[in-house]
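Right, one structure below, let's go through it.
The first residue of the sequence shown is numbered 1, and numbering continues consecutively from there. Note that the coordinates shown come from a computational prediction; the quantities given were computed from them, not determined experimentally. Hydrogens, waters and symmetry mates are skipped; everything else that's a heavy atom, side chains included, is used.
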Amino acid sequence: MNTPPKVLVLIPCYNEQENIVQVVERLRATCPWADYLVINDCSTDHSADLLRSHGYNFLDLPVNLGIGGGIQCGYLYSQRHGYDVTVQMDGDGQHDPAYLSTVVEPVASGKLDMCIGSRFITHEGFQTSFMRRVGIRFLSGMIRLLCGRKVSDVTSGFRATSVEMTAYFARHYATDYPEPEAILAASLAGFRVGEAPVVMHERLGGVSSISAVKSVYYMVKVSLSLVIDRLAIKRRRPGRE
């Protein structure tokens, strides 16, 4: 009988006091076979107090690293503790752990190096706002133009990675809004990237860190970063390291 994969779920947390307990409890109840690590990125609310009082497994970062830096710490942790599959799942409750196996299976079976949970395959559940969908389609088109990879939900933070992909991200990972850049970098480095259908929900509570103004900044910054990354990776990495 095959040994089940050793799975670690990384949950980034920045000021998620309204959501983090429910997110962790729902994950533990739904997927008791998976380990988890909450990465508290210097939250200024009571997130750290809640994580500590509930006895959850978490990293309490000494300085604010942003989503990319925090997740990279998680990839380092996963690599050093020998996990077979590493999953990123947001701390705001949008990602349903009922679909954890859906994103893990293609990686655990060796079909993909990174599997992204996409809300745009079956179009069920929360589809985000119209303007964000426009932005996601634009970034999806850019990634397809720059590397030939078609990914519909390029900003999805619900994704699973293999041992080799995790090791790569532990060394190379964008620090600010990294999800689209990670897809481009992984594709150009020769890794197999694909999607699986999931259903997402609206955040349980609190307010998204990406406001309307930040959305414009996000689009400009990520678009420029993708082009720069494409040129840099072409020079630095004709193949895998």
Side-chain angles (χ1 to χ4, degrees), residues 2-3 5-10 12 66-89 99-121 136-198 221-241:
N2 293 330
T3 303
K6 187 179 178 183
V7 178
L8 175 68
V9 180
L10 305 176
I67 180 65
I71 288 297
Q72 189 171 26
C73 288
Y75 283 130
L76 283 164
Y77 179 98
S78 178
Q79 182 185 30
R80 292 175 182 177
H81 288 80
Y83 284 93
D84 301 310
V85 181
T86 306
V87 181
Q88 178 184 342
M89 193 178 81
Y99 292 89
L100 189 66
S101 295
T102 302
V103 297
V104 166
E105 191 282 328
V107 174
S109 64
K111 297 174 186 175
L112 295 174
D113 295 300
M114 180 164 69
C115 182
I116 301 162
S118 173
R119 75 201 95 179
F120 301 135
I121 294 177
I136 290 168
R137 290 194 189 102
F138 175 78
L139 293 176
S140 176
M142 279 200 69
I143 288 175
R144 189 172 187 181
L145 177 66
L146 293 171
C147 70
R149 181 78 63 188
K150 183 180 179 181
V151 177
S152 63
D153 204 348
V154 294
T155 64
S156 170
F158 196 10
R159 50 185 64 191
T161 55
S162 65
V163 171
E164 191 177 7
M165 186 83 265
T166 296
Y168 178 81
F169 283 154
R171 299 190 307 272
H172 311 288
Y173 206 66
T175 58
D176 193 16
Y177 307 125
E179 287 84 5
E181 292 183 66
I183 295 171
L184 178 66
S187 299
L188 292 175
F191 290 101
R192 297 162 298 168
V193 179
E195 295 180 282
V198 300
K221 179 189 177 297
V222 174
S223 299
L224 291 174
S225 295
L226 289 172
V227 174
I228 293 169
D229 287 349
R230 178 64 181 89
L231 296 174
I233 293 173
K234 183 178 181 180
R235 290 195 302 268
R236 188 179 72 240
R237 292 179 56 79
R240 293 192 192 182
E241 284 184 348

Report yes if the side chains of Tyr77 and Leu8 come closer than 4.5 Å at any heavy-atom pair, otherwise no.
yes
Give a yes-or-no answer on whether the side chains of Thr166 and Ser78 include a donor-acceptor pair shorter than 3.5 Å.
no
Where do Val227 and Met142 land on the side-chain contact (heavy atoms from CB on, under 4.5 Å) test, with the steps shown first?
CA-CA 9 Å; Val227 174; Met142 279 200 69; 3.7 Å; yes
Inter-residue atom distance Lys6.NZ - Asp84.CG, 0.5 Å rounding
8.0 Å
What one should report as the nearest heavy-atom pair of Phe158 and Val103 is CE1-CG2, 4.1 Å
Backbone of Ile121 reached by a side-chain donor or acceptor of Glu195 within 3.5 Å:
no
Once you measure the plane-to-plane angle for Phe191 and Tyr168, does it fall in the parallel (<30°), tilted (30-60°) or perpendicular (>60°) bin?
tilted
What is the minimum heavy-atom distance between Glu179 and Arg159, and which atoms define it?
O-NH1, 3.2 Å
A quick test of your reading: do over 12 heavy atoms of other residues, nucleotides or ligands sit less than 6.0 Å from NZ of Lys111?
no
Spatial distance of atom CG (Leu112) from atom CD (Glu105) [nearest 0.5 Å]:
9.0 Å
Nearest heavy-atom neighbours spanning Val163 and Tyr83
CG2-O, 3.5 Å
Might you point out which heavy atoms bring Ser223 and Phe138 nearest each other, and give the distance in Å?
OG-CE2, 3.3 Å
Give me the atom names and distance for the closest heavy-atom approach of Ser152 to Ser140.
CA-OG, 4.1 Å
Should Asp113 and Arg192 count as an ion pair when the cut-off is N to O under 4.0 Å?
yes
Just how far is it from atom OG1 of Thr86 to atom CD1 of Ile71, taken to the nearest 0.5 Å?
10.0 Å
Among Val154, Leu226, Val222, which one satisfies side-chain contact (heavy atoms from CB on, under 4.5 Å) with Leu184?
Leu226
Nearest heavy-atom approach of Pro197 to Tyr99 is O-CD2, 3.9 Å
Return the CD to CG distance between Glu181 and Leu139, rounded to the nearest 0.5 Å.
10.0 Å
Using modelled atom types and a 3.5 Å cut-off, is there a donor and acceptor pairing between side-chain atoms of Arg149 and backbone atoms of Ser187?
no
Would you check if the side chain of Thr155 reaches a backbone N or O of Ile136 as a donor-acceptor pair within less than 3.5 Å?
no
Hey, mind stepping through Tyr75 and Gln88 against side-chain contact (heavy atoms from CB on, under 4.5 Å) and telling me if it holds?
CA-CA 9 Å; Tyr75 283 130; Gln88 178 184 342; 4.2 Å; yes
